[in-house]
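To start, the structure itself, in structure tokens.
Below, read A as the first sequence line, B as the second, and so on, with proteins coming before strands; counting in each chain starts at 1. Worth knowing before you read on, the calculation uses all heavy atoms, side chains too, and leaves out hydrogens, waters and symmetry mates.
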Number of protein chains: 2
Amino acid sequence: MNLRELSESLGLSQTTVSRALNGYPEVREETRTRVLAAARAANYAPNSRARRLATGRAMTIGHVVPLSGKEEMVNPIFADFLVGAGEVYAREGYDLLLSMVPNGEAERAYRQMASNGSVDGVMVQSPRLVDGRIALLQELDLPFIVHGRTGDHSNYSWLDIANIRAFRRATEFLLDLGHTRIALINGPEDLDFALRRRRGFEEALAARGIAPQPHLMQADLMTELFGYNAAATMLDGPEPPTAFVVSAIMPAIGVRRAAGERGMRLGRDISVICHDDMLSYIGNDAASAPGGPPFTATRSSIREAGRRCAEILIDLIRNPGLAPVQELWETELTLGRSTGPAPSAD
Amino acid sequence: MNLRELSESLGLSQTTVSRALNGYPEVREETRTRVLAAARAANYAPNSRARRLATGRAMTIGHVVPLSGKEEMVNPIFADFLVGAGEVYAREGYDLLLSMVPNGEAERAYRQMASNGSVDGVMVQSPRLVDGRIALLQELDLPFIVHGRTGDHSNYSWLDIANIRAFRRATEFLLDLGHTRIALINGPEDLDFALRRRRGFEEALAARGIAPQPHLMQADLMTELFGYNAAATMLDGPEPPTAFVVSAIMPAIGVRRAAGERGMRLGRDISVICHDDMLSYIGNDAASAPGGPPFTATRSSIREAGRRCAEILIDLIRNPGLAPVQELWETELTLGRSTGPAPSAD
DNA sequence: CCGCTAACCCAAAGCGCTTTGGGTGGGCGC
DNA sequence: GCGCCCACCCAAAGCGCTTTGGGTTAGCGG
């Protein structure tokens with residue numbers, strides 16, 4: 001069933017039927033209801049390919065997910081971010097086009113999306129310190145928003161959390177508890193957010209006159225295993241840390257495992273504070289966790305970020321002249337059971 | 001730049017240029033290279049909307065991700081499955097259309113995809129015991145493949161793992177170690193795979209003359225928190241289990257946390273065996289984990305399943321007459337450090 | 001030198017929708 | 001009773017591509 005057939009069966013022109021379906025005012029209310037009834041009865045839906053060609057809009061938003069490194073790790077936070085964005089897209093009538101590409105080929109993917117018009121805008125995630133994507137998208141004149149930010153971020157739209165403040169605060173929290181040998185288990189430091197987190201960490205230490213110890217800082221893909229390995233190495237080494245600042249909950253779980261294997265209990269023998277993206281399948285929140293959240297954490301919902309990014313992006317698409325939208329979100333420090341006072345001097 | 005402009009600039013017809021670009025034999029090799037060079041120089045890519053309208057193929061595959069329940073939990077395994085499928089799509093020139101819908105509205109989403117022709121086929125995940133989607137898709141005549149299976153699964157394409165055998169085997173493994181009070185922490189039992197796993201579990205117990213204990217069986221969304229809560233309840237209750245069979249690694253981590261808080265070490269004081277989807281950010285494999293995988297597990301790569309499902313689906317799309325393709329994958333039992341002999345009778 | 005076949009190329013007709021630029025008829029004001 | 005303006009509807013022109021159904025030319029055998 002297509003528009004022509006439907007209109008013929010109704011004895012109306014395609015124009016009228018199209019207008020009736022799309023809510024234009026030029027058609028009598030009685031006619032409209034008749035058309036709508038017929039469309040429903042015939043299970044008619046306008047062919048999206050044709051509609052897109054005719055309108056020139058793709059009604060689609062592209063997400064290019066770079067598969068990092070050789071192991072092609074997929075960041076678990078992508079899923080929640082996607083869901084948040086997807087909710088908004090669904091509500092606003094947009095499709096989500098997901099493109100998985102090896103890390104180096106993201107540029108090609110964007111370029112193609114722009115030139116073949118398959119999307120109206122794109123979502124950019126995990127910006128690196130030097131990231132060609134932003135200049136590229138500006139050149140291609142494709143609406144976009146960056147989750148995170150990098151470089152000179154005054155001229156494009158982004159949404160980010162206050163990473164420096166969050167990690168300064170987290171570190172201060174541990175310092176206030178009397179910890180002095182504090183380790184940082186960070187994300188890959190070619191990513192902008194990771195470097196900011198490190199800066200916050202170092203600033204807090206510096207403010208108390210503590211020099212950062214290279215052997216207490218590691219950075220890599222934020223997997224459980226990395227957290228485990230890093231913590232294991234540090235705990236077994238000389239001058240082991242009494243506390244950890246960790247960049248995500250997954251490596252924090254790894255730290256917990258390493259500590260557990262060494263007979264240490266979190267919050268008693270060793271402290272861990274991490275950033276919590278509020279992933280739905282972890283549930284590190286006070287409401288659902290009896291006795292409080294397992295991890296003390298700086299929190300910010302990645303799904304909510306996805307939602308908001310989607311909203312902004314759609315706004316940018318609909319209003320081409322819009323000035324860049326930039327939002328900096330504060331994180332929330334929530335007390336959990338993974339932190340406690342530093343063990344008395346040995 | 002569109003086809004008309006490109007062909008005019010070359011002094012050729014649109015037909016010839018189109019044929020040259022699409023590799024048809026009717027064009028001289030010299031002409032073809034000239035066209036290709038011009039296209040590259042002009043950064044031309046055929047407009048995908050127009051191409052799709054003209055060919056009648058969407059070159060897109062739909063994934064409808066149901067957001068389960070009110071909390072709208074997003075299953076972490078979706079991410080890895082998506083990546084696997086996405087790799088294949090990218091290779092074969094297909095786009096991935098991701099549609100997030102509340103659990104009840106999946107049917108509407110499929111129906112719409114079918115009637116507006118936005119996809120050539122769809123991927124069905126997490127089939128429930130009674131699942132209208134399969135009959136619906138057959139009625140809509142939309143190519144599809146089910147990851148998992150349900151009901152009478154003789155008439156459609158699916159790929160599944162041998163859940164019953166996997167969980168029977170896992171349970172036998174614990175029985176062989178001398179455990180008799182074995183708990184099951186399962187996924188939601190309105191899902192087909194969860195019920196199969198339970199069956200495997202119960203069969204293994206029955207073979208040794210052990211009756212399943214209702215208070216040692218819980219089923220829910222496979223989150224870390226659920227694993228924790230379930231294990232905590234069981235461990236603090238009467239006749240606590242000495243071993244756990246767990247449906248996924250995330251709740252298994254929760255079990256580990258509950259055990260750790262009670263001073264129990266996995267593989268020594270308590271045993272845990274789980275199903276491991278080989279998620280990239282956990283890395284529960286021997287190769288990357290020093291000292292062996294933390295969890296003893298039945299393993300099967302969810303990403304590999306995504307890849308294979310995508311391949312099959314594309315096959316089904318390209319060859320409409322194809323008979324249903326059905327693959328049953330065996331899982332691999334890998335020894336980890338989370339299991340050990342049952343504590344001697346107290 | 002003629003006719004036939006390859007090899008190349010082209011004009012034009014869709015694909016199914018939206019949107020422009022009218023048309024028609026009835027009601028209303030004067 | 002006339003003219004004008006809405007309210008309602010329509011025919012047709014795109015959107016940018018693929019594909020059908022020829023056309024033209026050169027080369028070759030007879």
Taken to the nearest whole Å, CG/A:Leu53 to P/C:dC15 is 13 Å

Please report the distance, rounded to the nearest Å, between CG in B:Leu3 and P in C:dA11. 13 Å

So, under a plain 3.5 Å distance rule, would you say the side chain of A:Thr55 forms a donor-acceptor pair with the base of C:dT19? no

Base, sugar-phosphate or nothing for B:Gly11? Non-hydrogen atoms, less than 4.0 Å. sugar-phosphate

Any N or O donor-acceptor pair linking the side chain of B:Thr15 to the base of D:dT19 at under 3.5 Å? yes

Whole-Å distance separating the CG atom of B:Leu6 from the P atom of D:dT18: 12 Å

If the plane angle is over 60° it's perpendicular, under 30° parallel, otherwise tilted; pick one for A:His63 and A:Tyr89. perpendicular

Would you indicate what B:Arg52 reaches in the nucleic acid, counting non-hydrogen atoms under 4.0 angstrom: base, sugar-phosphate, or nothing? nothing

Under 4.0 Å from OP1 or OP2 of C:dG16: is there any side-chain N or O of A:Tyr44 that close? no

Could you check how far CZ of A:Arg28 sits from C1' of C:dG27, rounded to whole Å? 15 Å

Distance in angstrom units between A:Tyr24 OH and C:dT18 P, rounded: 8 Å

Check the distance between C:dA11's P and B:Leu12's CG and give it to me in whole angstrom. 11 Å

With a 4.0 Å cutoff (strictly under), does any side-chain N or O of B:Arg4 reach OP1 or OP2 of D:dG16? no

If you round to the nearest 0.5 Å, how far is CD of A:Glu8 from CD of A:Gln14? 7.5 Å

Taking every non-hydrogen atom, the tightest pair across A:Ala323 and A:Leu316: O-CD2, 4.3 Å

Under 4.0 angstrom between B:Thr16 side-chain N/O and C:dC9 OP1 or OP2: no

Of all the nucleotides listed (C:dT19, D:dC17, C:dC10), which has the minimum atom distance to the side chain of B:Gln14? D:dC17

If you check every side-chain atom of B:Asn2, which of C:dG16, D:dC10, D:dG16 has the closest atom? D:dG16

Does the pair B:Arg308/B:Glu327 count as a salt bridge with the N-to-O cut at 4.0 Å? yes

Rounded to the nearest Å, what distance is computed from the CZ atom of residue A:Arg57 to the C1' atom of nucleotide D:dG14? 16 Å

Under 4.0 Å, heavy atoms only, any strand: does B:Thr31 hit a base, just the sugar-phosphate, or nothing? sugar-phosphate

How close or far is atom P of D:dC6 from atom CD of A:Glu29, stated in whole angstroms? 20 Å

Please state whether the rings of B:Tyr281 and A:Tyr281 are parallel, tilted or perpendicular, taking 30° and 60° as the class boundaries. tilted

